[in-house]
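Lettering follows sequence order; numbering is per chain, from 1.
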Amino acid sequence: MNYWLMKSEPDVFGIDDLKRVGVEPWDGVRNYQARNMMRDQMQVGDLAFFYHSNTKVPGVVGIMEIVRAGYPDDCAWDPEHKYYDPKSSPDNPRWYRVDVAYKETFPQVVPLETLKSMPQLADMALVRRGNRLSIMPVTADEWEIIQQMAKMETDHDAC
DNA sequence: GCCAACGTTGGC
DNA sequence: GCCAACGTTGGC
């Protein structure tokens with residue numbers, strides 16, 4: 001089983017939206033590295049952190065589960081769609097997506113700022129300067145650390 | 001195959 | 001809203 005981190009702008013689609021709909025195709029990814037991970041590596045049962053980007057406090061806000069492995073993103077074939085890409089076709093799909101299911105929302109955001117301050121997380125693409133990858137792998141250790149921080153934030157709040 | 005121009009991401 | 005960093009495109 002693999003762990004992942006997936007970014008989305010809460011103004012467009014946030015974790016509250018995912019909670020409401022339950023399951024959602026993660027479409028519109030137009031980056032080859034991210035596509036390769038969805039197409040080749042993501043498997044049903046994998047878990048992913050939901051990350052809010054481009055917002056007041058960017059950070060990890062919850063957990064979701066991959067419930068359908070990579071399959072062609074047919075948004076790319078619809079000329080009316082905002083994710084339309086004329087270079088993708090049913091015969092030769094250029095872009096892929098996965099389906100994700102809501103699992104949980106953390107009581108508090110684990111802010112990017114906090115993640116950056118953790119030496120154990122220094123290798124994550126997320127905290128590296130100028131990184132723009134919207135989907136990235138997370139190691140089991142990193143997964144554990146971030147999950148514990150989500151709990152710690154709660155404990156701290158209770159004091 | 002180089003690289004300048006352009007568009008996008010995303011923190012701040 | 002600004003802008004640095006990065007990926008992609010297209011002329012040559």
Side-chain angles (χ1 to χ4, degrees), chain A residues 2-21 24-42 46-64 66 70-100 102-139 142-143 145-150 152-153 156-157:
Chain A
N2 305 305
Y3 297 108
W4 306 94
L5 181 145
M6 301 168 84
K7 298 180 182 174
S8 183
E9 302 185 23
D11 289 347
V12 179
F13 187 83
I15 193 154
D16 291 341
D17 298 305
L18 182 60
K19 184 176 187 178
R20 184 166 38 79
V21 298
E24 178 80 1
W26 202 268
D27 55 20
V29 174
R30 297 290 180 265
N31 169 282
Y32 288 105
Q33 259 184 288
R35 179 213 54 190
N36 292 346
M37 288 186 269
M38 288 198 292
R39 188 188 58 187
D40 306 333
Q41 295 180 295
M42 280 193 183
D46 285 0
L47 297 177
F49 286 130
F50 198 126
Y51 178 91
H52 279 178
S53 66
N54 236 324
T55 186
K56 200 170 175 188
V57 182
V60 177
V61 293
I63 294 175
M64 52 197 172
I66 310 303
Y71 64 104
D73 183 355
D74 58 26
C75 295
W77 309 333
D78 176 4
E80 303 297 312
H81 202 281
K82 71 178 210 180
Y83 296 135
Y84 176 61
D85 179 353
K87 290 170 185 160
S88 187
S89 70
D91 288 344
N92 189 16
R94 173 177 290 212
W95 304 114
Y96 282 71
R97 66 186 181 211
V98 296
D99 288 354
V100 298
Y102 175 83
K103 290 282 279 189
E104 75 173 272
T105 304
F106 294 151
Q108 284 194 342
V109 183
V110 181
L112 175 62
E113 193 184 5
T114 308
L115 300 176
K116 279 183 169 172
S117 71
M118 305 280 297
Q120 305 97 306
L121 301 179
D123 286 340
M124 288 187 80
L126 183 72
V127 301
R128 286 207 295 269
R129 181 161 199 252
N131 172 71
R132 292 167 43 184
L133 203 54
S134 64
I135 295 177
M136 66 190 75
V138 173
T139 68
E142 291 162 350
W143 183 268
I145 289 166
I146 293 171
Q147 263 205 323
Q148 278 178 10
M149 291 175 81
M152 275 171 50
E153 300 270 332
H156 186 261
D157 200 38

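- For the pair A/Arg129 and C/dA5, the criterion of a side-chain N or O lying under 4.0 Å from OP1 or OP2 is met.
- Computed from coordinates, the A/Asn131 CG to B/dG11 P distance equals 10 Å when rounded to whole Å.
- The CG atom of A/Asn31 sits 19 Å away from the P atom of B/dG7 (whole-angstrom rounding).
- Rounded to whole angstrom, the span from the CG atom of A/Asp85 across to the P atom of C/dT8 amounts to 12 Å.
- Using a 30° and 60° split on the angle between ring planes, A/Phe49 and A/Trp143 fall in the parallel class, below 30°.
- Among the nucleotides B/dG10, B/dG11, C/dG7, the one closest to the side chain of A/Gln33 is C/dG7.
- Nearest-nucleotide assignment on DNA chain C puts the 5′-proximal partner with A/Asn54, out of A/Asn54 and A/Arg30.
- The distance from atom CH2 of A/Trp95 to atom P of C/dG7 is 13 Å, rounded to the nearest whole Å.
- Note: A/Phe50 and A/Trp4 fail the aromatic proximity criterion, with ring centroids not under 6.0 Å apart.
- Rounding to the nearest 0.5 angstrom, the gap separating the CE atom in A/Met136 from the CE atom in A/Met37 is 7.5 Å.
- Listed pair A/Tyr51 / B/dG11 meets the phosphate criterion, a side-chain N or O lying under 4.0 Å from OP1 or OP2.
- The nearest whole Å value for the distance from the CZ atom in A/Arg94 to the C1' atom in C/dT9 is 11 Å.
- You'll find that the side chain of A/Lys7 is closest to B/dG10, out of B/dG10, B/dG11, C/dT9.
- No contact: A/Lys56 has no heavy atom under 4.0 Å from any strand.
- With no hydrogens or angles considered, no side-chain donor-acceptor pair links A/Tyr96 and A/Asp40 at under 3.5 Å.
- At whole-Å resolution of the value, CE in A/Met124 and P in B/dG11 are 13 Å apart.
- Counting to the nearest Å, the P atom of C/dG7 and the CZ atom of A/Arg35 are 15 Å from each other.
- The OH atom of A/Tyr83 sits 12 Å away from the P atom of B/dT8 (whole-angstrom rounding).
- Looking at A/Asp17 and A/Arg20, a side-chain N of the basic residue comes within less than 4.0 Å of a carboxylate O on the acidic one, giving a salt bridge.
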